[in-house]
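Residue numbers count from 1 along this sequence. Keep in mind that the numbers below use all heavy atoms, side chains included, and drop hydrogens, waters and symmetry copies.
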Amino acid sequence: MAGALFLAGLAISPTIITGYSLTERLVPAGLLTEGMAWISTSVGFGVAIGAWAGGRLTDMFGASNAYGFSFACALLAVAIGVGGSAWLRTPVARQQS
């Protein structure tokens, strides 16, 4: 279990850093504080919902099903990330001489 938690923890920091970097790049300067607040709120909300769902599923169906739910959520996150990555690409500004 410690190894699994360690590996899961390795993904948290890069995910949060990427979220803040994208927010800084895509949100207008006047709304940057609000954008960062939305990221923080989203992370907290996601952790709370995940903890609730994991506990509820463990109580109802056992630990192995709760792990299956976590794995399914991870696969969904990968699919959303890959599918939505094209929306985050911005065209490179060309300099004119």
* Report the C-alpha separation of Thr23 and Ile39 in whole Å, then their side-chain angles, then the decisive distance to 0.1 Å, and conclude whether the side-chain contact (heavy atoms from CB on, under 4.5 Å) test is met. => CA-CA 8 Å; Thr23 301; Ile39 294 292; 3.3 Å; yes
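- Here the straight-line distance linking atom OG of Ser85 with atom CD1 of Ile80 works out to 12.5 Å at 0.5 Å rounding.
- Donor-acceptor pairing under 3.5 Å is recorded for the side chains of Ser40 and Tyr20.
- Follow the hydrophobic side-chain contacts under 4.5 Å out from Met36 and you reach Ile12 in the same cluster.
- A continuous path of hydrophobic side-chain contacts links Val43 to Leu32 [ILVMFWY only; heavy atoms under 4.5 Å].
- Closest approach of Thr18 to Pro14, counting heavy atoms only: OG1-O, 2.7 Å.
- Residues Asn65 and Phe69 have side chains not in contact (no heavy-atom distance under 4.5 Å, counting atoms from C-beta outward).
- In the hydrophobic cluster analysis, where Ile, Leu, Val, Met, Phe, Trp and Tyr join through side-chain heavy atoms closer than 4.5 angstrom, Leu57 is grouped together with Met60.
- Between Ser13 and the choices Ile17, Leu10, Ile16, Thr15, the side-chain contact (heavy atoms from CB on, under 4.5 Å) rule is met once, by Ile17.
- Minimum interatomic distance between Ala66 and Gly54 (heavy atoms only, all atoms of both residues): CB-O, 3.8 Å.
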